[in-house]
Amino acid sequence: MNTILTEQAAIDVQEQLRTQVIQTDMLPADIKLIAGVDVEYDKDSDLIAGAFVLLDFNTLEVVEVATHCMEVTFPYIPGLFSFREMPVLLEAWKKLTQRPDVIICDGQGLAHPRRFGLACHMGIVLDVPALGCGKTRLFGTYEQPGAERGSVSPLLAEDNGEHIGNALRSQEGINPVFVSVGHKISLDTATTLVLKMCTTYRLPETTRKADHYGREAFLAYRKNVE
DNA sequence: GCGACAG
DNA sequence: ATCTTGTCGC
């Protein structure tokens, strides 16, 4: 793999950018477009596909899709995940003709050992409100939220007790998702938005749609390159 | 030393 | 992430 940054250089970038994160709502009260992102990986090559999907906030209809395929430039290292997925997603972002009001990322935001997960990185680099919604925990301790849809319990940093995110029961009786601030949004708003996007499944529709189109783009691309 | 570890 | 259909439980 043609890695561009060393591990230490990536950590230095995180320490530098983390200071720019804004944890208050700076998104429009009347959200019109909400974005979802996801990256697909090939089972036996370094090929990946990134997808950006824009949905109408009220109808959840797909408004625009942009994808990009390339080879990974950074290994998977817990805590440095954004350096693996940001490159493809940035390329996909460049192909969009519209700007979303907020981006839901597949992973953590502040719920990260250095408080700088993918959602923070995305929000800072694009200067767009962003939040993280992960399927599993990376950092922080929590109690199991109530079984009913919408139940929340705080994710507390194990180093200083900081409230870095929420474990949110997006559907009754199934495992919670982990919501945290990315940039220009509050934890409360982020949590409310994720719950609103989880209409029928555990994961937000934004993430599910991005996964769908990303997979589609990946298969089409691989078929042409084969 | 041992376990944990977003996707 | 990926390997992967049927199957166990409510």
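The analysis underlying the following values was restricted to heavy atoms, covering all of them including side chains, and did not include hydrogens, waters or symmetry mates. Within every chain, numbering begins at 1; the chains are lettered A, B, ... in the order of the sequence lines, protein sequences first and strands thereafter. These figures come from a predicted structure and were not determined experimentally.
- You'll find that the side chain of A/Lys43 is closest to C/dC3, out of C/dC3, B/dC5, B/dG7.
- Comparing B/dA6, B/dC5, C/dA1 by their closest approach to the side chain of A/Tyr41 singles out C/dA1.
- At B/dG7, one or more side-chain N or O atoms of A/Thr136 fall inside 4.0 Å of OP1 or OP2 (strictly under the cut-off).
- Looking only at atom types and distance, the side chain of A/Glu64 has a donor-acceptor partner in the side chain of A/Thr97 under 3.5 Å away.
- A 6.0 Å sphere centred on CD of A/Glu143 holds no more than 12 heavy atoms belonging to other residues, nucleotides or ligands.
- Distance A/Asp38 CG to B/dG7 P: 10 Å, rounded to the nearest Å.
- Side-chain atoms of A/Lys135 lie closest to B/dG7 of the nucleotides B/dG7, B/dA6, B/dA4.
- Rounded to whole Å, the distance from CG on A/Asp42 to P on C/dA1 is 15 Å.
- Surrounding NZ of A/Lys196 are at most 12 heavy atoms belonging to other residues, nucleotides or ligands under 6.0 Å away.
- At least one side-chain nitrogen or oxygen of A/Arg215 sits closer than 4.0 Å to the OP1 or OP2 atom of C/dT2.
- For the pair A/Glu40 CD and C/dC3 P, the interatomic distance rounds to 11 Å; values are reported in whole Å.
- Counted by atom type alone, A/Glu40 and A/Tyr213 present zero donor-acceptor pairs between their side chains at under 3.5 Å.
- When heavy atoms are screened at a 4.0 angstrom cut-off, A/Gly173 is found touching no nucleic acid atom at all.
- Between A/Met122 atom CE and B/dG7 atom C1' there is a gap of 12 Å when expressed in whole angstrom units.
- Checking A/Gln16 against A/Asp12 by side-chain atom types alone, no donor-acceptor pair falls below 3.5 Å.
- Judged by centroid separation below 5.5 Å and plane tilt below 30°, A/Phe81 does not stack onto the base of B/dG7.
- Comparing B/dG7, B/dC5, B/dA6 against the side chain of A/Arg137 picks out B/dC5 as the nearest.
- Exactly one residue among A/Thr59, A/Leu60, A/Val65 makes a side chain to side chain contact (heavy atoms under 4.5 Å, CB included) with A/Val62. That residue is A/Val65.
- Taking the centre and axis of the six-membered ring of A/Tyr201, the NZ or CZ atom of A/Arg208 falls inside the cone set by 45° and 6.0 Å.
- Between the CZ atom of A/Phe74 and the C1' atom of C/dA1 there is a distance of 17 Å, given to the nearest Å.
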Study note, to complete from the structure: The dot-bracket string of DNA chain B, counting Watson-Crick and G-U wobble pairs with both distances under 3.5 Å, using [ ] for crossing pairs and | for pairs to another strand, is .......

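- As judged by a 4.0 angstrom heavy-atom cut-off over every strand, A/Asp106 is placed among residues touching the sugar-phosphate backbone only.
- Base engagement by A/Gly117 is indicated by at least one non-hydrogen atom pair under 4.0 Å involving a base atom.
- Whole-Å rounding puts the A/Arg84 CZ to C/dA1 P distance at 12 Å.
- A distance-only check finds no donor-acceptor pair linking the side chain of A/Thr189 to the backbone of A/Ser186 [under 3.5 Å].
- Taking atom CZ of residue A/Phe218 and atom P of nucleotide C/dT2, one finds them 9 Å apart after rounding to whole Å.
- Regarding A/Phe178, its CZ atom lies at a distance of 11 Å from the P atom of B/dA6, rounded to whole Å.
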